[in-house]
Number of protein chains: 2
Amino acid sequence: MVSVPLSVIDARSGDKERLRLWIRMLRTTRIVEAELRERLKRDFNSTLPRFDVMSALYRESEGMLMSDLSRFLLVSNGNVTGIIDRLVADGYVVRAKRDGDKRTSVVRLTPSGVEAFERMAAAHERWIAELLGGVDTAEVHRLSEMLHAFRSNWEGEH
Amino acid sequence: MVSVPLSVIDARSGDKERLRLWIRMLRTTRIVEAELRERLKRDFNSTLPRFDVMSALYRESEGMLMSDLSRFLLVSNGNVTGIIDRLVADGYVVRAKRDGDKRTSVVRLTPSGVEAFERMAAAHERWIAELLGGVDTAEVHRLSEMLHAFRSNWEGEH
DNA sequence: GTGAGATATTTCAAGCCTAAAGTATCAGAG
DNA sequence: CTCTGATACTTTAGGCTTGAAATATCTCAC
């Protein structure tokens with residue numbers, strides 16, 4: 001007689017595998033992130049967080065609220081304030097008080113910001129193609145779908 | 001007559017897919033990391049970097065050099081110095097000047113550090129099982145192998 | 001043994017990041 | 001109108017992170 005159902009044993013061993021998966025995912029992400037950080041600094045004297053912010057603003061040419069940015073980028077409000085401050089200092093972004101609500105400020109890229117972002121984005125895309133080039137094209141699709149499913153599932157619950 | 005070989009077109013479209021994959025991977029990692037960070041803070045008043053350092057030291061009960069730690073964790077030397085400083089202040093880690101070489105210091109967990117890490121590690125494993133529970137067990141294995149292959153490939157080249 | 005370059009670690013300045021507290025504004029109940 | 005709670009944003013304290021400069025020590029050719 002077996003004292004533990006097989007399904008439970010399966011779940012347990014699956015959990016070990018999940019832990020291993022997480023560690024590998026974290027490590028892979030860090031390796032690629034470190035490489036991107038280094039290249040952004042070297043070629044554009046910029047950073048990943050700045051790139052992320054500019055990328056979000058590029059897609060929303062009308063501009064975004066600070067709170068939209070922090071929600072979209074999954075970072076805190078105060079964090080966005082600092083990054084935007086530095087982008088404004090560099091002339092890549094402007095804060096505007098447009099609508100009636102005096103609490104909000106709409107931030108958007110300046111023409112100079114658009115130009116800078118486009119150059120960075122082109123390089124970024126080439127770098128990713130190079131860095132992930134070792135992953136088989138068929139597997140890229142599978143993997144991408146899995147991660148998308150994970151995230152949809154997560155957001156459904158939270 | 002086709003001006004661009006099909007293989008090139010394939011490579012191009014695969015690159016777009018790789019970019020999407022990277023963005024999804026980064027986002028998934030951030031979601032899970034944010035959740036872990038929050039729980040480590042809430043339940044153990046600790047952080048992810050501290051957990052990583054303690055995890056490395058736990059596996060090497062004889063202790064590690066600062067430079068071994070920074071190499072293993074993929075972070076800079078100066079970074080490790082700060083994290084170890086705080087762990088020492090908390091009584092979880094000791095720096096020892098053992099061998100002949102007066103430049104190096106061997107850091108290792110104290111009994112209190114071992115005890116604290118074991119409690120955190122148990123919770124951490126449960127959390128990962130919960131957070132990645134939505135991923136099918138068969139896919140976990142596939143995914144894990146892919147990432148392992150990616151990293152081996154990367155380290156072969158760098 | 002001694003001087004040059006290599007190695008181990010720390011310090012520093014600057015930027016990223018969070019949670020929590022602070023400021024200003026808004027919206028709605030009464 | 002005015003009070004109350006919600007919302008948008010900034011500020012602050014503390015920790016993480018890097019790359020580069022600073023210290024200290026080691027190694028080894030001479």
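Counting only distance, with no hydrogens or angles, the side chain of A/R18 and the backbone of B/L132 share a donor-acceptor pair below 3.5 Å.
Distances shorter than 4.0 Å separate some side-chain N or O of B/N79 from OP1 or OP2 on D/dT18.
Among the atoms of the strands shown, none is found under 4.0 Å from any heavy atom of A/G82. Among the protein residues, B/L48 comes within range of no part of the nucleic acid, since none of its heavy atoms lies under 4.0 Å from any strand.
Rounded to whole Å, atom C1' of D/dT10 lies 15 Å from atom CG of A/L69. Rounding to whole angstrom units, CD1 of residue B/I83 and C1' of C/dT10 are separated by 14 Å. The interatomic distance linking A/I84 (CD1) with D/dA8 (P) rounds to 16 Å, in whole Å.
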Using a 3.5 Å cut-off and no angle test, enumerate the donor-acceptor pairs between side-chain atoms of residues 113-127 of chain A and protein atoms at least two apart in sequence or in another chain.
unit_1, atom_1, unit_2, atom_2, d
A/E115, OE2, A/R119, NE, 3.3
A/E118, OE2, A/Y58, OH, 2.5
A/E125, OE1, B/K16, NZ, 3.4
A/E125, OE2, B/K16, NZ, 3.0

Listed pairs under 3.5 Å, donor-acceptor, residues 140-149 of chain B side chains, sequence neighbours left out:
unit_1, atom_1, unit_2, atom_2, d
B/H141, ND1, A/E17, OE2, 2.9
B/S144, OG, A/R24, NH1, 3.1

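Near DNA chain D, meaning a heavy atom under 4.0 Å away, the residues from residues 23-46 of chain A are A/R37. Listed in residue order, the members of residues 50-60 of chain B having a heavy atom less than 4.0 Å from DNA chain C come to none.
At a threshold of 4.5 Å between non-hydrogen side-chain atoms, the residues B/E33 and A/L26 count as touching.
Heavy-atom minimum distance, A/R108 versus A/E62: CD-O, 4.1 Å. In this structure, A/R30 and B/L74 approach most closely via the heavy-atom pair CB-CD1, 4.5 Å. For the residue pair A/K97 and A/T104, the shortest heavy atom distance occurs at NZ-O, 3.5 Å. Across all their heavy atoms, B/L131 and A/F150 have their closest contact at O-CE1, 3.3 Å.
For A/D101, the side chain to side chain donor-acceptor pair (under 3.5 Å) partners two or more places apart in sequence, or in a different chain, are A/R103.
The residue among A/K102 and A/L74 whose nearest nucleotide of DNA chain C lies closer to the 5′ end is A/L74.
For B/E130 and B/R39, the salt-bridge test passes: some basic side-chain N is under 4.0 Å from an acidic carboxylate O. Salt-bridge formation is detected for the pair A/R95/A/D85: a Lys NZ or Arg NE/NH1/NH2 atom is positioned less than 4.0 Å from an Asp or Glu carboxylate oxygen.
Taking every side-chain heavy atom of A/S76 into account, C/dT18 is the closest of C/dC16, D/dT17, C/dT18.
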Strictly under 3.5 Å: I want the nitrogen or oxygen pairs between protein and nucleotides 7-9 of chain C, one per line.
unit_1, atom_1, unit_2, atom_2, d
C/dT7, O2, B/R103, NH1, 2.7
C/dT9, OP1, B/S105, N, 2.9
C/dT9, OP1, B/S105, O, 3.4
C/dT9, OP2, B/M66, N, 3.4
C/dT9, OP2, B/S67, N, 2.7
C/dT9, OP2, B/S67, OG, 2.6

